[in-house]
Engineer: 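Please find one structure pasted underneath; my questions will follow.
Residues take their numbers from the sequence shown, with the count starting at 1.
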Amino acid sequence: MLIAPDSAALVRLAAEEVARRAESAVIARGRFTLALSGGSTPKGLYTLLADPAEPFRARIPWRQTHVFFGDERHVPPDHPDSNYGMARATLLAKVPIPPENVHRIRAERTDPASAALEYEQELRLAFGMGAAGTGPAEARGGLGPGELPRLDLVLLGLGSDGHTASLFPGATALEERAHLVVATWVERLKTHRITLTLPLLDAARAVVFLVAGAEKAGRVADVLQGSGAALPASRVRPGGELIWLLDSAAAAALRGEREAHP
Ligand code: 6PG
């Protein structure tokens with residue numbers, strides 16, 4: 001866990017994480033696969049990554065970078081709620097990433113379940129896995145390790161109810177073991193979402209939670225030090241690295257934690 005004094009320092013810490021992992025992934029494997037989170041918190045990060053006056057844009061090998069999305073709202077890409085639309089405006093339209101390397105969820109589809117299936121196939125193809133594995137994963141109780149794309153870095157946020165990506169408390173999507181991507185109805189928001197599932201999140205080489213603001217402090221403490229074991233964000237347990245990047249406001253309810261001094 002790293003605690004930054006304020007949100008500006010937080011996004012700089014996050015930008016360093018992204019750039020460092022991009023550099024090492026391309027050296028190690030010739031490409032960098034990154035899943036972006038939505039909402040408002042990452043906007044500052046994406047803006048910083050795209051800023052030509054800052055070092056990060058030049059450090060990231062955009063031509064070898066593939067961008068995916070942790071979740072998407074059930075809206076077209078030009079809708080103000082679209083996570084892709086936000087990422088495009090703040091980052092993707094400002095960096096030299098090949099268009100074919102941007103893998104957006106086609107959430108304009110009338111049927112969110114078909115958008116989820118389509119995205120699952122796109123993910124599998126992007127990782128050279130072809131169509132679904134041998135026999136329906138459902139019948140085998142879930143995807144085997146060899147059937148899980150390993151993203152180099154997944155960025156996640158934390159909702160004030162403990163959700164992450166579009167995995168909301170009590171959702172059946174939390175129990176999904178056979179699919180990489182599902183559509184899920186969010187009763188509180190009265191809308192469908194499309195989300196990566198826990199098996200795929202947990203297969204990542206690294207998951208970074210980026211959380212800012214006093215309104216998240218209680219939930220951060222629940223997840224990291226308290227009674228929040230059942231919360232969706234608590235159930236993300238990657239085999240790789242799990243890193244929490246917080247500003248001091250979001251970390252305020254944590255016992256015994258000190259700010260990082262970058
Ligand atoms: C989304 C996100 C979601 C987000 C949290 C935090 O589609 O909204 O994927 O999981 O990360 O809701 O959102 P804020 O950053 O806006 O607080």
Engineer: Is the backbone N or O of P61 less than 3.5 Å from a side-chain atom of T65, with the two atoms forming a donor-acceptor pair by type?
Structural biologist: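 Such a contact is found between T65 side chain and P61 backbone.
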
Engineer: Any donor-acceptor pair under 3.5 Å linking the side chain of S82 with the backbone of H79?
Structural biologist: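 No, the answer is negative, given that no donor and acceptor are paired below the 3.5 Å cut-off.
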
Engineer: Looking only at side chains, do T33 and D152 share a donor and an acceptor under 3.5 Å apart?
Structural biologist: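 Yes, a side-chain donor-acceptor pair sits under 3.5 Å.
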
Engineer: Considering only heavy atoms from C-beta outward, does the side chain of L201 approach that of L167 to under 4.5 Å?
Structural biologist: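 They are in side-chain contact.
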
Engineer: I want to check something: taking the side chain as every heavy atom from C-beta on, are P232 and P169 in contact at a cut-off of under 4.5 Å?
Structural biologist: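 In short, these two side chains touch, coming nearer than 4.5 Å.
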
Engineer: Is K190 paired with E187 through a side-chain N to carboxylate O contact shorter than 4.0 Å?
Structural biologist: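 Between K190 and E187 there is a salt bridge, with a charged N closer than 4.0 Å to a carboxylate O.
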
Engineer: Is it possible for you to say whether V18 and L242 belong to one hydrophobic cluster, with membership spreading through side-chain heavy-atom contacts below 4.5 Å?
Structural biologist: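 Yes; L242 is reachable from V18 via cluster members.
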
Engineer: Is the shortest side-chain heavy-atom distance between V236 and D202 below 4.5 Å?
Structural biologist: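 Result yes, sub-4.5 Å side-chain heavy-atom pair found.
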
Engineer: From Y119 OH over to S114 OG, what is the distance, rounded to the nearest 0.5 angstrom?
Structural biologist: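 It comes to 15.0 Å.
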
Engineer: Backbone N or O of A217 within a donor-acceptor pair of the E215 side chain at under 3.5 Å?
Structural biologist: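 Not at all, since once roles are kept as given, no pair shorter than 3.5 Å links the two residues.
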
Engineer: Is any side-chain N of the basic residue among E175 and R235 closer than 4.0 Å to the acidic one's carboxylate O?
Structural biologist: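 Yes, charged N to carboxylate O under 4.0 Å.
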
Engineer: Any ion pair linking D71 and R193 (charged N to carboxylate O, less than 4.0 Å)?
Structural biologist: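 Yes, this pair counts.
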
Engineer: Got a second to check how far N101's CG is from L34's CG, nearest 0.5 Å?
Structural biologist: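 CG of L34 is found 11.5 Å from CG of N101.
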
Engineer: Between Q225 and R255 (side chain of the first, backbone of the second, donor and acceptor by atom type, cut-off under 3.5 Å), is there such a pair?
Structural biologist: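 Indeed, once roles are kept as given, a pair shorter than 3.5 Å links the two residues.
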
Engineer: Please check if the side chain of H74 supplies one atom and the backbone of T110 the other of a donor-acceptor pair under 3.5 Å.
Structural biologist: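 Here the side-chain-to-backbone pair exists.
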
Engineer: Do L224 and L254 touch side chain to side chain, with heavy atoms closer than 4.5 Å?
Structural biologist: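 Heavy-atom side-chain distance check passes, below 4.5 Å.
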
Engineer: Has S234 got a side-chain atom pairing as donor or acceptor with G228's backbone, closer than 3.5 angstrom?
Structural biologist: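 Yes, S234 side chain to G228 backbone: donor-acceptor pair under 3.5 Å.
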
Engineer: Going by salt bridge (Lys or Arg N to Asp or Glu O under 4.0 Å), name the residues that satisfy it together with R150, two or more places apart in sequence or in a different chain.
Structural biologist: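 Not a single residue meets the salt bridge (Lys or Arg N to Asp or Glu O under 4.0 Å) criterion with R150.
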
Engineer: Tell me whether R59 is salt-bridged to E16, with the criterion being a basic N under 4.0 Å from an acidic carboxylate O.
Structural biologist: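 Answer for the salt bridge query: yes.
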
Engineer: Any donor and acceptor pair, going by atom type alone, linking the side chain of R219 with main-chain N or O of A250 inside 3.5 Å?
Structural biologist: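 It does not hold such a pair.
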
Engineer: Can you hop from Y84 to L91 via hydrophobic side chains spaced under 4.5 Å?
Structural biologist: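 Yes, one cluster joins them.
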
Engineer: Measure up the H66 and H103 rings against each other and bin them: parallel (under 30°), tilted (30 to 60°), perpendicular (over 60°).
Structural biologist: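 Taking H103 first and then H66, their aromatic rings lie parallel (interplane angle under 30°).
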
Engineer: What's the shortest heavy-atom distance between A203 and L148, and which atoms?
Structural biologist: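 Distance-wise, the nearest heavy atoms are CB-CB, 3.9 Å.
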
Engineer: Measure the acute angle between the ring planes of F168 and H163, then classify it against the limits of 30° and 60° as parallel, tilted or perpendicular.
Structural biologist: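 Parallel, since the angle between the ring planes stays under 30°.
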
Engineer: Apply side-chain contact (heavy atoms from CB on, under 4.5 Å) to residues L123 and L196 and explain how you reach the verdict.
Structural biologist: CA-CA 10 Å; L123 263 161; L196 301 192; 3.9 Å; yes

Engineer: To the nearest 0.5 angstrom, please state how far the CG atom of L45 sits from the OG atom of S7.
Structural biologist: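 OG of S7 is found 12.0 Å from CG of L45.
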
Engineer: What pair of heavy atoms forms the shortest contact from V181 to A116, and how long is it?
Structural biologist: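 Result for this residue pair: CB-O, 3.6 Å.
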
Engineer: Flag the pair L246 / L2 as yes when at least one side-chain heavy-atom distance between them is below 4.5 Å, and no otherwise.
Structural biologist: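 Contact flag for L246/L2 side chains = no.
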
Engineer: What do the steps show when you test R104 against E72 for side-chain contact (heavy atoms from CB on, under 4.5 Å), and what is the final call?
Structural biologist: CA-CA 9 Å; R104 74 175 181 88; E72 188 57 276; 5.9 Å; no

Engineer: Looking at D161 and R188, is any side-chain nitrogen of the basic one under 4.0 Å from a carboxylate oxygen of the acidic one?
Structural biologist: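 Between D161 and R188 there is a salt bridge, with a charged N closer than 4.0 Å to a carboxylate O.
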
Engineer: What pairs of residues pass the ring-ring contact (aromatic ring centres under 6.0 Å, His included) test when at least one of them lies in residues 13-35, not counting sequence neighbours?
Structural biologist: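 ring-ring contact (aromatic ring centres under 6.0 Å, His included) check on residues 13-35 returns no pairs.
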
Engineer: Just by distance, do the side chain of D81 and the backbone of R73 share a donor-acceptor pair under 3.5 Å?
Structural biologist: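 No; judged by distance alone, with no hydrogens or angles, the pair does not exist.
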
Engineer: Indicate yes or no: at least one non-hydrogen side-chain atom of L200 is less than 4.5 angstrom from one of P149.
Structural biologist: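 Of all side-chain heavy-atom pairs linking P149 with L200, at least one is under 4.5 Å.
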
Engineer: Looking at E17 and R20, is any side-chain nitrogen of the basic one under 4.0 Å from a carboxylate oxygen of the acidic one?
Structural biologist: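 Yes.
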
Engineer: Might you point out which heavy atoms bring L151 and A35 nearest each other, and give the distance in Å?
Structural biologist: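 Residues L151 and A35, closest heavy atoms: CD1-CB, 4.2 Å.
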
Engineer: Keeping D247 on the side-chain end and A4 on the backbone end, is there a donor-acceptor pair under 3.5 Å?
Structural biologist: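 A pair under 3.5 Å: no.
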
Engineer: Just so I know, are the side chains of R124 and L180 near enough to count as touching, which here means a heavy-atom distance under 4.5 Å?
Structural biologist: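 SC-SC contact between R124 and L180 confirmed.
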
Engineer: Could you check whether any side-chain heavy atom of F209 comes within less than 4.5 Å of a side-chain heavy atom of T164, counting everything from C-beta outward?
Structural biologist: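 The answer is yes; the side chains approach within 4.5 Å.
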
Engineer: Between L189 and L158, is there shared hydrophobic-cluster membership here, with clusters defined by ILVMFWY side-chain heavy atoms closer than 4.5 Å?
Structural biologist: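 Different hydrophobic clusters.
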
Engineer: Is the number of heavy atoms from other residues, nucleotides or ligands within 6.0 Å of CZ (R29) greater than 12?
Structural biologist: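 For R29, atom CZ is crowded (more than 12 foreign heavy atoms under 6.0 Å).
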
Engineer: Are the side chain of N83 and the backbone N or O of G39 linked by a donor-acceptor pair below 3.5 Å?
Structural biologist: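 Such a contact is found between N83 side chain and G39 backbone.
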
Engineer: Any cation-pi pair here, R106 with F69, using under 6.0 Å and within 45°?
Structural biologist: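 No cation-pi geometry.
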
Engineer: Between E241 and R205, does any side-chain N to carboxylate O distance fall below 4.0 Å?
Structural biologist: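 No salt bridge links E241 with R205.
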
Engineer: Do you reckon V182 sits in the same ILVMFWY cluster as I194, going by side-chain contacts under 4.5 Å, direct or chained?
Structural biologist: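 In one cluster with V182: I194, no.
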
Engineer: Would a line drawn from the ring center of F68 to the ring center of F127 be shorter than 6.0 Å?
Structural biologist: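 Close enough - the centres of the two rings lie under 6.0 Å apart.
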
Engineer: List the residues meeting salt bridge (Lys or Arg N to Asp or Glu O under 4.0 Å) with R88, not counting sequence neighbours, and say none if there are none.
Structural biologist: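 So R88 forms no salt bridge (Lys or Arg N to Asp or Glu O under 4.0 Å) with any residue.
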
Engineer: Side-chain heavy atoms under 4.5 angstrom apart, residues restricted to Ile, Leu, Val, Met, Phe, Trp, Tyr: same cluster for L117 and M129?
Structural biologist: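 They do not share one cluster, since no chain of ILVMFWY contacts under 4.5 Å joins L117 to M129.
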
